[in-house]
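The structure appears below as structure tokens.
Heavy-atom basis, side chains included; hydrogens, waters and symmetry copies ignored. Lettering of chains follows the sequences in order, A, B, ..., and the numbering in each one begins at 1.
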Amino acid sequence: MTVRTRFAPSPTGYLHIGGVRTALFCWLFARRHGGQFILRIDDTDQQRNVEEALAPILHGLHWLGIDWDEGPEVGGPYGPYYQSQRGDRYQAAVEKLLAAGAAYYDYATTEELQVEREAAEREKRVFLSSRRFMAETAVDRARFEAEGRKPAVRLKMPREGTLVIQDIIRGDVAVDWAREQDHVIQRADGSFLYHLANVVDDYDFKITHVIRAEEHLSNTPRQIFIAQSLGYDLPIYAHLPFVAEPGSKTKLSKRKLDKYLKNADFATLLKHGRKVADALGLTVDQNTFNPVVVDFYEQVGYLPEAITNYLALLGWALDDQTEHFSRAELIQHFSLERVNKAAASFDPKKLWSFQDRHMQRLTLEQKVERVVPYLQRAGIVEHCGAGETPAPQERAKIEHVIRAAGDRIKTSGDILDYVYFFVADDHLVYDEKAVAKSLQKLGAAELLAKYCGQLAVVESFEAQPLEQMTHAFVEAQGVKIGDIVHSLRAAVTGQSVGLGLFDSLAILGKASCLSRIERMLKQLESSNNKCPD
RNA sequence: GCCCCCUUCGUCUAGUGGCCCAGGACAUCGGAUUCUCAGUCCGAGAACAGGGGUUCGACUCCCCUAGGGGGUACCA
């Protein structure tokens, strides 16, 4: 038997982290077993432009490397893969259920049902429809229709016995049939409901393993009833625990994006993301530029492998030690048997640490590749358009910055923290606080001027010799190294924090360093003249 | 309300009756390294929801309670 799993998103306009975790598990399981992963679009209830609302979801899956064997864009032998286009299949199923006595036309109005429901509640018993308006014969139908009633099709659920759902993750779950409502499968307007569509599609697509979120566990009985009434073999079920909100066990929801922004850890991620977006001059969508939406991570320059690594560990673990997984290792080791039962809350800080770790393992080459598009989009790297490769000397400089930055570049977008290496000397922007803190100190300018003279005669403008020279200089001057480094840094980079100072000098090169220092000295001089205090 | 599911450090988890006075990771807090920052290294604190059983022995099995979550739609 070939394993076939599916992920069935609704076109909502964005891919959220909980949804993608479900997709990942389905995908991982299929890949682990050399099976197929199918993408089906649950758009039965869709008013909006489906393609438009679907695009970000497909894009997010592509970005994460979750590829599908059948579905939108790629087609497949069992299509169409959009529920909105499968009406004839659902209609046939409804008719079959009707014929088998597993469903009926119900002519009750919502209000009439509501009355029954409330009565049941008052009497503290399980609500079950009285089936007063159930029509199982043409005669009944004609009678109700003469009253001007419109029918919906309901499942005629069993009212006795017990169903045992076998679930890989949860074991056997027993439920009484008599608790199950006669759910509507086709609306009065002829449209179909999720449960029916879902069962028919899973069967048509030959899905072997239904891997989905826990919220569907309670819905499973009615789906099993539909499947059995239609004579289908049951798929194997695996109900995944929720991805919960940080600091809570409530399911991460699509509709509470704003709320998550108030969480301190989300806020930290968002702040970092905004910094990158600002540096790019990006106008971000306030609604979806949000750490709960996958697209956010792509824009900021996270690594897809870091995200999938983190997400895989949200509800699954291989053992008590291993945490770092490449995508291939994930495929190799994933199993549903080791999926947890309890909801796991999403921890932005931990995701960040995975990102950090994956970034650290990248080669220089790989980092350059990822970082260059950000420099291009920010208009920093000249002489080349997007998609083109930077000129050799420019590339060398980028490499130099990345090497010197070490672990400081946590996301690709972080390269934009170092744009001051790339701007023209007379365009360097100084951070006022940095200048005030170090350069406006008494004697700082004089010391810097002297140092500048030394710098001018350095032959090998590399980090090591520069450091040696500087140490010799401070010793000769009888000052501490700290007296020069901070003002020097501020003068050449405009910042109070940054890469190693000598690396920074080397990256800029002698000419830039001298010109930036001179510019700063002049600036200090003129401001001193203006306000002599 | 009713039904179902879940419950180990703040968080993600390991643990399937003795290896556990509970292991790892993130986070936190110390300390070391350093020109800042990032890192790195060393170290610390931190949990079996509660109560009953079963057993020579329970984090592990059973029951109850509590808490959390989900479902209960002509939503998906």
Side-chain angles (χ1 to χ4, degrees), chain A residues 8-10 12 42-46 83 106 108-110 113 117 120-122 124-127 150-154 165 167 169-170 173-176 178-181 183-189 191-195 197-198 213-221 239 241-242 244 246-251 254 265 310 313-324 338 340-354 356-357 360 405-410 414 417 434 438 467 470 474 480-486 488-490 493 495-502 504:
Chain A
S10 296
T12 52
D42 281 15
D43 57 350
T44 47
D45 203 40
Q46 202 63 30
Q83 290 195 326
D106 185 26
T109 62
T110 315
L113 243 29
R117 203 184 307 268
E121 219 161 282
R122 242 178 290 118
K124 295 192 193 305
R125 57 182 168 77
V126 183
F127 165 67
K150 282 259 164 36
V153 179
R154 282 183 188 274
I165 302 167
D167 187 288
I169 297 168
R170 290 170 203 269
V173 178
V175 282
D176 290 339
R179 305 270 170 200
E180 292 295 313
Q181 308 294 317
H183 288 279
V184 171
I185 51 175
Q186 185 171 24
R187 296 186 182 91
D189 68 3
S191 60
F192 304 95
L193 277 97
Y194 167 75
H195 297 291
N198 182 260
E214 187 187 348
E215 66 198 281
H216 292 289
L217 183 57
S218 309
N219 300 152
T220 305
H239 286 93
F242 287 116
S248 133
K249 290 293 179 196
T250 311
K251 185 182 89 161
K254 300 171 184 176
D265 298 329
Y310 172 68
L313 260 23
L314 217 51
W316 175 84
L318 175 64
D319 55 30
D320 61 338
Q321 300 288 323
T322 325
E323 295 237 290
H324 185 100
R338 292 195 64 83
N340 266 306
K341 291 179 183 170
S345 42
F346 182 78
D347 182 355
K349 283 185 296 197
K350 190 147 187 174
L351 187 153
W352 178 259
S353 89
F354 273 93
D356 192 6
R357 205 178 325 175
Q360 285 188 27
D407 303 327
R408 275 166 275 231
I409 297 177
K410 310 279 191 201
D414 288 342
D417 285 344
S438 55
E467 184 164 5
T470 308
V474 295
K480 283 177 292 180
I481 187 92
D483 293 329
I484 185 75
V485 289
H486 302 296
L488 225 198
R489 180 191 306 284
T493 71
Q495 307 292 313
S496 58
V497 297
L499 311 185
L501 177 64
F502 305 106
S504 300

Integer angstrom distance from the C1' of B:G18 to that of B:A49: 24 Å
Backbone N/O of A:Ala342 and side chain of A:Asn340: donor-acceptor pair under 3.5 Å: no
Counter-base of B:C2, judged by Watson-Crick or G-U geometry with both distances under 3.5 Å: B:G71
For nucleotides 22-34 of chain B, give me one character per nucleotide, 5' to 3': B if any protein heavy atom sits under 4.0 Å from the base, S if the only such contacts are to the sugar-phosphate, - if neither. -BBBSS-------
Under 3.5 Å, is there a donor-acceptor pair linking the side chains of A:Thr12 and A:Ser10? no
Could you tell me the Watson-Crick or G-U partner of B:U60, where both distances fall under 3.5 Å? Say none if there is no partner. none
So, does A:Arg408 get its side chain near the phosphate of B:U40, meaning an N or O under 4.0 Å from OP1 or OP2? no
Can you tell me, in whole Å, how much space there is between the C1' of B:C59 and that of B:U16? 11 Å
Considering only the P atoms, how many Å lie between B:U36 and B:A25, rounded to the nearest integer? 28 Å
Taking any strand in view, what nucleotide pairs with B:G43 in a Watson-Crick or G-U wobble way, both distances under 3.5 Å? B:C29
Check if the side chain of A:Arg489 and the base of B:C35 share a donor-acceptor pair of N or O atoms closer than 3.5 Å. yes
Spell out protein contact along nucleotides 71-76 of chain B as letters: B when the base is contacted, S when just the sugar-phosphate is, - when no protein heavy atom is under 4.0 Å; keep the 5' to 3' order. S-SBSB
What distance, rounded to whole Å, do you find between the two P atoms, one in B:G52 and one in B:U11? 26 Å
B:C12 phosphate, OP1 or OP2: any side-chain N/O from A:Lys249 under 4.0 angstrom? yes
Euclidean distance for P, B:U40 against B:U7 (whole angstrom): 33 Å
Considering every strand and a 4.0 Å limit on heavy-atom distances, what is the contact class for A:Arg122: base, sugar-phosphate, or nothing? nothing
P-based separation of B:G31 from B:C21 [nearest Å]: 32 Å
I'd like to check the side chain to side chain contact (heavy atoms under 4.5 Å, CB included) partners of A:Arg179; sequence neighbours left out, ordered by chain and number. A:Val126, A:Asp176
We want to know whether A:Asp42 and A:Gln83 form a side-chain donor-acceptor pair, criterion being a heavy-atom distance below 3.5 angstrom. yes
